Amino acid sequence: MSEVRVRFAPSPTGGLHIGGLRTVLYNYLFAKQHQGTFVLRIEDTDQTRYVEGAEEYIHKCLEWCGLQADESALQGGPFGPYRQSERKEMYRQYAEQLVATGHAYYAFDTPEELMKMREDFKTSDNPSPQYGLATRNRMKNSLSLSPEETKHLLASGVAHVIRIKMGNEEKISFNDMIRGEVHFDTRLVDDKVLLKADGMPTYHLAVVVDDYLMKITHAFRGEEWLPSAPVHLLLWKYLGWSDNMPRYAHLPLILGSDGSKLSKRHGSKYGFPIFAMNWTNPKTGEKEAGFAERGFLPAALLNVLALLGWNDGTEQELFSLDELIQKFDLSRVSHSGAVFDFEKAKWFNHQYLQMGSAAALVPQVKPFFEANGIIPDDAYLSTVIGLIRERCHLLPDFVDQGHFFFVAPMEIDRESLLKKWKPEHARFFEQLATHWSTAENNGTATELEQNFEMMATEQGLKKGELMLPLRIMLVGGKFGPGVFDIVQTIGTVEAANRILATLKGL
RNA sequence: GCGGCGUUGGUAAACCGGUUAAUACGCCACCCUUUCACGGUGGAAUAACGGGUUCGAUUCCCGUACGCCGUACCA
């Protein structure tokens, strides 16, 4: 029995979206469940698409949500390097080996010639002709050229690629861990480029070689890879590594509200973030919003993602990471794509905001106050959090719901106040303010409330008709926790000041 | 076009041949609360279509339709 080894293999071309994050999660859960190893491999074989900072960004995201890799370019490991660009020299020999065994060939076609071929062979019946069984003999490659010509071209250093020669085995199949048996007709698959003219491997070669060299036992990837699975299957076979081939699991896609695959580009079109963390494209300067900055707790986001495509068959919806590790089961992963529901995600975050102590939330909440120019005291913030957490869904909600605990409201809802206002209220509130302006009169919420009610009765007023005006004077509007909890928290002196200030402006 | 994969309320989904087809989010109403929330109760809302197989299909099989993904010297 061999050790379980899985890998997440992103290309550093942009932000990490929630589809990728979920792939990370499933990898992680599976690895931990089997006491295995989670490898992070950077697939940066396309030098033209390299984006500055993207790799660091990916690490930052994994760190934020606590899904650290066991082996990666950052921390190293026994199977490094973990960046494909640094493994460049390893790939050529395998490509050459495939040529030598007749499973691949050199192709000298220029990009222009390829374009011309696609143009020439294009028909309404076949809008995208392939470089493959039907066309390879009419192209410029070591199959159509004489050995001498090929040798000559190679010797003269003409740019060339190596392509896989798809076989005639017709049917090929494999057992996907999620979908079961999947069949392909190899004659319908094109001769994919394995080694590019710049000497870099394409994804197809690199993924197979590296999965082999890194002893990957289970390969999880998005469903968009299913159509190229036959190429990979054949590569494993042609390279003579069939016995070591990992088990594949093609994950269902996460869809946008329009039902199509989440695009790295149009993040903003959904009206909610699709990236784990804020991402700015260094080339274009375009900014994309992230879940972290939007105010999600990592545990909540992970929970959402875990359930998008998987459930344990019970009605349980809230799972800790440890529980997920224990209960995650690939055979219960659904086969169809799932639309991401931001409202439901907010609900999950709300649930997580209610868990644990208020004090534990302080480090999460504090930065959002600071961003609004409020530097809160930890202990005070903690009691505020306890008072308002149940009406918060996202972290910034704490500022909306709690700013008045720190600063007097800039504006008050006069309309609502006046609606409940009677001339005799003024005298009452003046008296109340005088009473409260002494710190000694502070007390618990219940004490304050009893006292308040007494004063009201003395003046022939009902407590009820005074509550809303008082609230509005203290917080500025019709929202917030119990009025006397607020008074107790901000103190009677501050409350008195706010009453007086409002009275003055009435 | 071809290939692959899908199709249970608006969304996520349970059920793996026999159910009044769960549940959660969202939505609506009511209760609680002289605020806003939380909570509680109730409600509207679903098996794409057509054939089989079967005593019996949402469940199994085959078509059709629709959707998505792929069809690059991108991953």
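Each chain gets a letter, A, B and so on, in the order the sequences are listed, and its residues count up from 1. Predicted model, so just to flag it, every value in this text is computed and none were measured.
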Integer-rounded Å distance: B/rA13 C1' and A/W347 CH2 = 13 Å
With a 4.0 Å cut-off on heavy atoms, is A/P481 in touch with a base, just the backbone sugar-phosphate, or nothing at all?
-> base
Check: A/F398 ring centroid to A/F368 ring centroid under 6.0 Å | no
Looking at every strand, decide which applies to A/S334 at a 4.0 Å heavy-atom threshold: base, sugar-phosphate, or nothing.
-> sugar-phosphate
Under 4.0 angstrom, heavy atoms only, what part of the nucleic acid is A/T45 near: base, sugar-phosphate, or nothing?
-> sugar-phosphate
Round to a whole Å and report the spacing from CD1 of A/I18 to C1' of B/rA12.
-> 13 Å
Would you say a side-chain N or O of A/K196 is under 4.0 Å from OP1 or OP2 of B/rA75?
-> yes
With heavy atoms under 4.0 Å as the rule, sort A/A197 into base, sugar-phosphate or nothing.
-> base
From the candidates B/rU11, B/rA13, B/rG4, the one with an atom nearest any side-chain atom of A/N311 is B/rA13
Mind checking A/F348 for me? I need base, sugar-phosphate or nothing, with any heavy atom below 4.0 Å counting as a touch.
-> nothing
Would you mind reading off the distance between A/F340 atom CZ and B/rG26 atom P, rounded to a whole angstrom?
-> 14 Å
Nucleotide nearest A/S336 (side chain, heavy atoms from C-beta), chosen from B/rA24, B/rG6, B/rC68 | B/rG6
Taking the P atom of each, how far is B/rA57 from B/rA14, in whole Å?
-> 23 Å
Under 4.0 angstrom, heavy atoms only, what part of the nucleic acid is A/I472 near: base, sugar-phosphate, or nothing?
-> nothing
Residue A/K462, side-chain atoms from C-beta onward, closest of B/rU34, B/rU11, B/rG4 = B/rU34
Answer with base, sugar-phosphate or nothing: what part of the nucleic acid does A/D46 contact at a heavy-atom distance below 4.0 Å?
-> sugar-phosphate
Separation of A/N303 CG from A/F319 CZ (nearest 0.5 Å) = 7.5 Å
Touch class at under 4.0 angstrom, heavy-atom based, for A/R332 against every strand present = sugar-phosphate
When rounded to whole Å, the CD to C1' distance for the pair A/E119 and B/rA72 reads 15 Å
Just how far, in rounded Å, is C1' of B/rU33 from CG of A/L468?
-> 13 Å
Look at all strands and tell whether A/V475 reaches a base, only sugar-phosphate, or nothing, counting heavy atoms closer than 4.0 Å.
-> nothing
Listed nucleotide nearest any side-chain atom of A/S128, set B/rA75, B/rG4, B/rG1 = B/rG1
Could you walk me through whether A/L394 and A/K346 pass side chain to side chain contact (heavy atoms under 4.5 Å, CB included), step by step?
-> CA-CA 7 Å; A/L394 302 175; A/K346 272 161 62 180; 4.0 Å; yes
B/rG18 and B/rU58, which share atom name P, separated by this distance in whole Å = 10 Å
Which class fits the ring pair A/F174 and A/F184: parallel under 30°, tilted 30 to 60°, perpendicular over 60°?
-> parallel
Taking the P atom of each, how far is B/rC28 from B/rA37, in whole Å?
-> 11 Å
Taking a pair to mean Watson-Crick or G-U wobble geometry with both distances below 3.5 Å, B/rC55 pairs with B/rG18
Aromatic contact, A/Y203 with A/H232 (centres under 6.0 Å) = yes
Could you measure between the two C1' atoms, the one in B/rC55 and the one in B/rG50, and give it in whole Å?
-> 23 Å
Watson-Crick or G-U wobble partner for B/rG26, using a 3.5 Å limit on both distances?
-> none
Quick one: label A/G480 by what it contacts on the DNA or RNA (base, sugar-phosphate, nothing), any heavy atom closer than 4.0 Å.
-> base
Are A/Y270 and A/F340 an aromatic pair by the rule of ring centers under 6.0 Å?
-> no
Do the ring centers of A/F291 and A/F348 come within less than 6.0 Å of each other?
-> no
Look through every strand shown and name the nucleotide pairing with B/rC74 as Watson-Crick or G-U wobble, where both distances are under 3.5 Å.
-> none
Could you tell me the separation between the CD atom of A/E55 and the C1' atom of B/rA75, rounded to a whole number of Å?
-> 15 Å
Of all the choices, B/rA13, B/rC69, B/rC38, which nucleotide is nearest to the side chain of A/A338 once you look at every atom?
-> B/rA13
Using a 4.0 Å heavy-atom cut-off across all strands, classify A/G309 as base, sugar-phosphate, or nothing.
-> sugar-phosphate
Considering only side-chain heavy atoms of A/L253, which listed nucleotide, B/rU71, B/rC68, B/rG3, is closest?
-> B/rC68
Using a heavy-atom cut-off of under 4.0 Å over every strand shown, decide if A/Q401 touches base, sugar-phosphate, or nothing.
-> nothing
Which of these nucleotides, B/rU11, B/rC69, B/rC73, is closest to any side-chain atom of A/K261?
-> B/rC69
State the pairing partner of B/rC36; accept Watson-Crick or G-U wobble contacts with both distances under 3.5 Å, and report none otherwise.
-> none
Interatomic distance at C1', B/rA13 relative to B/rG51, whole Å | 29 Å
For B/rG40 versus B/rC25, give the span between their P atoms, rounded off to a whole number of Å.
-> 9 Å
Assert yes or no for the condition that the ring centre distance of A/Y94 to A/Y238 is strictly below 6.0 Å.
-> no
What integer distance in Å separates A/R389:CZ from B/rG39:C1'?
-> 16 Å
Reckon A/R118 has a side-chain N or O less than 4.0 Å from the OP1 or OP2 of B/rG1?
-> no
Please work out if A/H183 contacts a base, only the sugar-phosphate, or nothing of the nucleic acid, heavy-atom cut-off 4.0 Å.
-> sugar-phosphate
Report the distance from atom NZ of A/K478 to atom CD1 of A/I472, rounding to the nearest 0.5 Å.
-> 7.0 Å
Side chain A/K344 and base B/rA24 donor-acceptor under 3.5 Å | yes
B/rA13 -> Watson-Crick or G-U wobble partner, both distances under 3.5 Å, gives none
Kindly state whether the ring of A/F479 and the ring of A/F404 have centres lying under 6.0 angstrom apart.
-> yes
Touch check for A/V161, heavy atoms < 4.0 angstrom, all strands: base, sugar-phosphate only, or nothing?
-> base
pair_partner(B/rG3), Watson-Crick or wobble, both distances < 3.5 Å, evaluates to B/rC69
Whole-angstrom distance between B/rG6 and B/rG63, as gauged at atom P | 14 Å
Assign each of A/H335 and A/N126 the nucleotide of RNA chain B bearing its closest heavy atom; nearer the 5' end lies the nucleotide of A/N126
When you match A/C392 and A/L188 each to their closest nucleotide on RNA chain B, which lands nearer the 5' end?
-> A/L188
Find the distance A/F272:CZ to B/rC25:P and express it as a whole number of Å.
-> 19 Å
Paired to B/rA48 by Watson-Crick or G-U wobble criteria (both distances under 3.5 Å) is B/rU64
Within the pair A/R49 and B/rA75, is there a side-chain N or O less than 4.0 Å away from OP1 or OP2?
-> no
Rounded to whole angstrom, note down the C1' distance from B/rC74 over to B/rC38.
-> 49 Å
